[in-house]
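These notes are about the structure you will find just below.
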Amino acid sequence: PRIDYSDSSTEPSLLLEPQTTNLITYSSDFSGYIKSEINIVSNIATSPDGTVNATSLTNTSTGQAHIRTSFVAASTGNYTGTSYIKKQDFDFIYVEFGNAFCWFNISNGTLGNSGNFGSGWTFISHSIESVGNDWYRISITANNTITGTYNFRPYQPTSANASYTSGSLGNSFIWGVQVEQNSYATSYIPTSGSTATRLGETANNAGGAGVFNSEEGVLYAEIAALADDGTYRQILLHDNAYNNRIALRYMPSSNEINVYLINGTVQVTLYYNLSNALDFNKLAFKYKENDFALWVNGIEVGTDTSGTTFSANTLQKIDFDFTNNYFFYGKTKNLQVFNYALTDEELQTLTT
């Protein structure tokens with residue numbers, strides 16, 4: 001299992017991500033990047049991976065100081081470019097990604113202007129995330145309709161403008177450039193001379209008929225989605241044939257979750273809209289004949305008082321997918337199945 005420690009304020013979590021490829025051939029060796037009015041010094045600062053392998057970028061003039069590397073967009077679709085940046089003298093980073101652009105404030109972690117400056121690319125979104133020790137991971141996602149070779153190009157400007165004009169003398173730190181054909185950023189994939197692919201991860205076949213109480217119980221999870229990207233992602237408790245199942249899932253609608261129970265036919269289905277699916281949320285689904293409830297972060301948000309469950313020894317497995325589809329890609333901090341229907345007081349305590 002891959003254990004994610006990136007959120008240092010809380011416990012680590014199990015990280016499940018889809019297969020993706022870093023299209024940048026040198027992710028942290030910037031010596032081969034094209035440089036304009038800028039000098040680099042390698043291995044001068046501690047990067048987010050804890051080693052002294054970050055690079056300083058120093059402007060040598062007040063012109064359009066930047067570095068540039070290329071990637072191949074072999075097919076059309078959504079692409080996401082990311083990099084880790086640490087402030088030294090500059091508050092801002094301006095990034096051109098394909099023919100899209102965006103601004104980041106690496107002093108206070110806020111976002112600036114964004115848009116497109118050429119054909120074939122449409123800006124979708126950008127984000128900035130603090131990863132500790134004054135480092136930020138910046139991200140830009142854009143849709144490309146024309147295949148070819150494009151640039152990932154960070155500039156070091158003096159101030160935030162709608163379009164980049166000029167910089168000043170000074171420097172900042174950079175590490176870990178990544179471009180992937182994906183609608184959101186995944187964890188860093190290092191490269192050193194060629195593209196690199198991380199295979200998708202699955203978690204399945206946990207449990208057995210003797211482990212679960214099919215007649216009543218609680219399915220509980222503390223989870224966070226990797227993206228609010230309009231897809232189904234679910235955790236499933238089932239009979240190994242999927243005819244009888246309990247599911248807890250993210251829905252295609254933004255920030256929506258759903259739990260349901262099917263014993264050949266649908267017995268109950270409950271929906272709720274989270275404040276943010278990307279945050280960790282504590283979710284519990286209680287199932288018992290004519291007594292179903294969904295709890296979210298200490299609050300009962302849905303009930304159903306009509307429906308049957310399963311005969312004894314029906315439920316056999318927990319999977320993080322449904323028939324090798326609708327994979328749960330996300331972070332899991334806690335997953336439990338209780339063999340009895342908890343009381344309201346217990347459910348409130350569990351999910352608070």
Side-chain angles (χ1 to χ4, degrees), residues 3-4 7-14 16 203 206-225 228 233-239 244-251 253-263 265-320 322 328 330-352:
I3 307 301
D4 178 38
D7 186 354
S8 59
S9 63
T10 62
E11 299 86 355
S13 59
L14 173 68
L16 301 175
V211 174
F212 309 116
N213 183 350
S214 300
E215 296 168 89
E216 67 172 79
V218 172
L219 174 61
Y220 167 76
E222 184 178 358
I223 52 178
D228 188 22
R233 294 136 292 163
Q234 64 184 3
I235 298 173
L236 204 68
L237 180 58
H238 65 99
D239 62 355
N244 299 281
R245 61 187 186 270
I246 295 170
L248 190 162
R249 59 183 181 169
Y250 293 109
M251 300 294 286
S253 298
S254 181
N255 294 315
E256 186 178 55
I257 60 167
N258 166 239
V259 292
Y260 68 81
L261 185 149
I262 292 177
N263 62 3
T265 61
V266 176
Q267 297 296 312
V268 60
T269 183
L270 301 170
Y271 296 86
Y272 181 72
N273 277 88
L274 301 169
S275 297
N276 188 348
L278 276 62
D279 291 337
F280 276 102
N281 291 277
K282 296 182 177 183
L283 317 174
F285 175 55
K286 177 182 70 173
Y287 59 97
K288 185 179 180 180
E289 186 170 358
N290 299 326
D291 185 7
F292 303 92
L294 172 62
W295 285 74
V296 178
N297 299 329
I299 301 172
E300 186 179 61
V301 299
T303 61
D304 193 322
T305 57
S306 176
T308 60
T309 57
F310 313 99
S311 58
N313 300 316
T314 298
L315 300 175
Q316 299 183 35
K317 289 184 178 180
I318 286 181
D319 283 338
F320 281 70
F322 175 50
F328 178 86
K331 299 179 180 181
T332 304
K333 195 172 292 185
N334 200 334
L335 178 66
Q336 299 183 50
V337 177
F338 292 82
N339 279 346
Y340 58 95
L342 301 179
T343 66
D344 286 355
E345 183 179 9
E346 290 171 325
L347 286 163
Q348 184 180 45
T349 301
L350 177 67
T351 58
T352 297

### Query
Considering only heavy atoms from C-beta outward, does the side chain of Lys286 approach that of Asp344 to under 4.5 Å?
yes
## Note on the structure
Looking only at heavy atoms, the pair that brings Phe212 and Ile318 closest together is CZ-CG1, 3.9 Å
### Query
Heavy-atom distance under 4.5 Å between the side chains of Thr265 and Gln267, does that happen here?
yes
### Over all atoms of both residues, closest heavy-atom pair of Glu215 and Ser311
CG-C, 4.4 Å
### Residue of the set Asn258, Val259, Ile257 for which side chain to side chain contact (heavy atoms under 4.5 Å, CB included) holds with Tyr271
Asn258
### Task
Could you check if a side-chain atom of Phe322 sits within less than 4.5 angstrom of a side-chain atom of His238, using non-hydrogen atoms only?
no
#### Entry: Side-chain (Asn263) to main-chain (Thr309) donor-acceptor, under 3.5 angstrom
yes
### Query
Are any non-hydrogen side-chain atoms of Ile235 and Ile223 less than 4.5 angstrom apart?
yes
#### Entry: Verdict with supporting geometry, Val211 and Val337, side-chain contact (heavy atoms from CB on, under 4.5 Å)
CA-CA 9 Å; Val211 174; Val337 177; over 6 Å; no
#### Entry: Test item: Val268 and Phe285 side chains (from C-beta on) under 4.5 Å apart, heavy atoms
yes
### Summary
Those residues at least two apart in sequence (or on a different chain) that pass side chain to side chain donor-acceptor pair (under 3.5 Å) with Ser275 are none
### Query
Could you give the distance from OH (Tyr260) to CG (Leu236), rounded to the nearest 0.5 Å?
5.5 Å
### Message
Looking at Asn276 and Asn255, would you say the former's side chain and the latter's main chain have a donor-acceptor pair under 3.5 Å?
### Response
no
### Task
Give, for atom CG of Leu270 and atom OG1 of Thr303, the distance between the pair rounded to the nearest 0.5 Å.
7.5 Å
### Query
Are Leu335 and Leu14 close enough, and set up right, to give a side-chain contact (heavy atoms from CB on, under 4.5 Å), and what steps lead you there?
CA-CA 10 Å; Leu335 178 66; Leu14 173 68; over 6 Å; no
### Query
Nearest heavy-atom pair of Tyr287 and Leu219: which atoms, and what distance?
CE2-N, 4.4 Å
### Query
So, for Ile3 and Pro12, which heavy atoms are closest and what is the spacing to 0.1 Å?
CG2-CB, 3.5 Å
### Query
salt bridge (Lys or Arg N to Asp or Glu O under 4.0 Å) with Asp228: which residues, sequence neighbours excluded?
none
### Query
Given Tyr250 and Phe328, is the side-chain contact (heavy atoms from CB on, under 4.5 Å) satisfied, shown in steps?
CA-CA 8 Å; Tyr250 293 109; Phe328 178 86; 3.4 Å; yes
### Task
Would you check if the side chain of Asp239 reaches a backbone N or O of Thr314 as a donor-acceptor pair within less than 3.5 Å?
no
### Message
Show the nearest heavy-atom pair for residues Thr308 and Leu261, with the distance to one decimal.
### Response
O-CD2, 3.6 Å
Would you give me the side-chain donor-acceptor pairs under 3.5 Å for residues 292-301, sequence neighbours excluded?
from: Asn297; atom 1: OD1; to: Lys282; atom 2: N; distance (Å): 2.8
from: Asn297; atom 1: ND2; to: Asn281; atom 2: OD1; distance (Å): 2.9

### Summary
Nearest heavy-atom approach of Thr351 to Ala284 is CG2-CB, 3.6 Å
#### Entry: Glu11 and Phe280, any side-chain heavy atoms less than 4.5 Å apart
no
### Task
Indicate yes or no: at least one non-hydrogen side-chain atom of Phe338 is less than 4.5 angstrom from one of Leu350.
yes
